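Report on the following structure.
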Number of protein chains: 2
Amino acid sequence: MGFIVSTKGRYALRVMLDLAEGDVGAYVPLKDISDRQEIPHKYMEAIMSRLTKEGLVNAAHGKGGGYRLARPADTYTVGEILMATEGDVVPVACLEGGFECPRAEECKTLPIWRKLDGMIRDYLNSVRLTDLLEGSP
Amino acid sequence: MGFIVSTKGRYALRVMLDLAEGDVGAYVPLKDISDRQEIPHKYMEAIMSRLTKEGLVNAAHGKGGGYRLARPADTYTVGEILMATEGDVVPVACLEGGFECPRAEECKTLPIWRKLDGMIRDYLNSVRLTDLLEGSP
DNA sequence: CTATTTACCTACTATATTGGTAGGTATGTT
DNA sequence: AACATACCTACCAATATAGTAGGTAAATAG
């Protein structure tokens, strides 16, 4: 079975939520987060690297360091976080970035994938990180 | 990148469309279809096996044999065809059939996946095979 | 200046899935 | 008997997933 969102994106979302729930503005060591969320610390490091490079979080070394949100919590969307960690989030290979299908013109199924992709994208971009805190989506 | 629908489902859909476009009721050899659709014949055989077992098409051996739709073309939905070939069509592993997440109760992200899954499922089940012929979805 | 704490970087691995290919067998028609 | 078709089994190369292991660099506390 193929999944549109892997552990990378799911874990990223949980970490961002953890950061949004705590004392926003303070740096939180990854170890604390991965303990709370029961996610392997070492694995999580690779994912944080993406989030840092994409500018979604700030990182600080040494004692008192860790990660914190780079912006106010309510300015993040779920879609943004997933894109940062997963790369493209698309339902079929036909829509992958850079791929150009030679049958695209004639293909009767392509419109379904386009529509589906639009729905998924619109939904994920419409949900704010803070919406998840209250459990309102 | 993970995709929710692989070539299996996409090819199956194209074959079903090909059958719906031609002389419905007559048996069409798979070779003809895979030539028209530019899909490897041998690979397609495995996919047809699923469609046959699920009762979506009828098969007939020997000369004059091949495959045909088992029901009127407008009674098929895209969702049905994809489920038959892909098994579960779900966006994340959390929702996979038989999987029971121990964090489900407390998980703040699960509602997104549920909602997303519902949207995808509803859409795919709402599109009829014949809708694709005119290009109306 | 040293110890500690944290992020960061590189490499490896086991397992599964995808997208096939190859070759033979069974069944039906002419 | 010849042929055309579906059906069955086995194999394979490439890629992605979900990690693990071990070290390096930077910041702070004492």
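Letters A, B, ... mirror the listed sequences (proteins, then strands); counts begin at 1. The model shown is predicted, which means the values in this text are computed figures rather than measured ones.
- Atom CD of A/E106 has more than 12 neighbouring heavy atoms from other residues, nucleotides or ligands inside a 6.0 Å radius.
- For the residue pair B/S34 / B/Y43, no side-chain donor-acceptor distance below 3.5 Å is found, with atom types taken as modelled.
- The closest side-chain heavy-atom distance from A/W113 to A/V90 is not below 4.5 Å.
- If you take CE of A/M48 and P of C/dC8, they are 8 Å apart, rounded to a whole angstrom.
- Donor-acceptor pairing under 3.5 Å is lacking for the side chains of B/E80 and B/N125.
- Atom CZ of B/R10 and atom C1' of C/dG20 are 14 Å apart (whole Å).
- For DNA chain D, the contact window with chain B, defined by any atom under 4.0 Å from a protein heavy atom, covers D/dA4 to D/dT17 in 5' to 3' order.
- In this structure, B/Y43 atom OH and C/dT18 atom P are separated by 8 Å, rounded to whole Å.
- Sequence order on DNA chain D of the closest nucleotides to B/H41 and B/G2 puts B/H41 first from the 5' end.
- Among the protein residues, A/A46 comes within range of no part of the nucleic acid, since none of its heavy atoms lies under 4.0 Å from any strand.
- Here C/dT6 presents its C1' atom at 15 Å from CZ of A/R68, a figure rounded to the nearest Å.
- For A/E100, the CD atom is loosely surrounded, since the number of other residues' heavy atoms within 6.0 Å does not exceed 12.
- Cation-pi check for A/R128 over A/Y76 is not met; the charged atom does not lie both under 6.0 angstrom from the ring centroid and within 45 degrees of its normal.
- Considering only side-chain atoms of A/P29, the nucleotide from C/dA26, C/dT29, C/dT6 that sits closest is C/dT6.
- The distance from atom OH of A/Y67 to atom C1' of C/dT5 is 13 Å, rounded to the nearest whole Å.
- Computed from coordinates, the B/N58 CG to C/dG28 P distance equals 14 Å when rounded to whole Å.
- Taking side-chain N and O atoms only, B/Y27 has no distance below 4.0 Å to OP1 or OP2 of C/dG28.
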Check the pair A/E54, A/M83 against side chain to side chain contact (heavy atoms under 4.5 Å, CB included), reporting the backbone distance first and the verdict last. CA-CA 10 Å; A/E54 299 285 335; A/M83 304 298 175; over 6 Å; no
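- Positionally, the nearest nucleotide of DNA chain D for B/K31 lies more toward the 5' end than for the other of B/K31 and A/E45.
- Comparing A/G62 and A/K53 by the nucleotide of DNA chain C that holds the closest heavy atom to each, the one mapping nearer the 5' end is A/G62.
- In this structure, NZ of A/K42 is placed 15 Å from P of C/dA11, rounded to the nearest angstrom.
- Rounding to whole angstrom units, NE2 of residue B/H61 and C1' of C/dT29 are separated by 13 Å.
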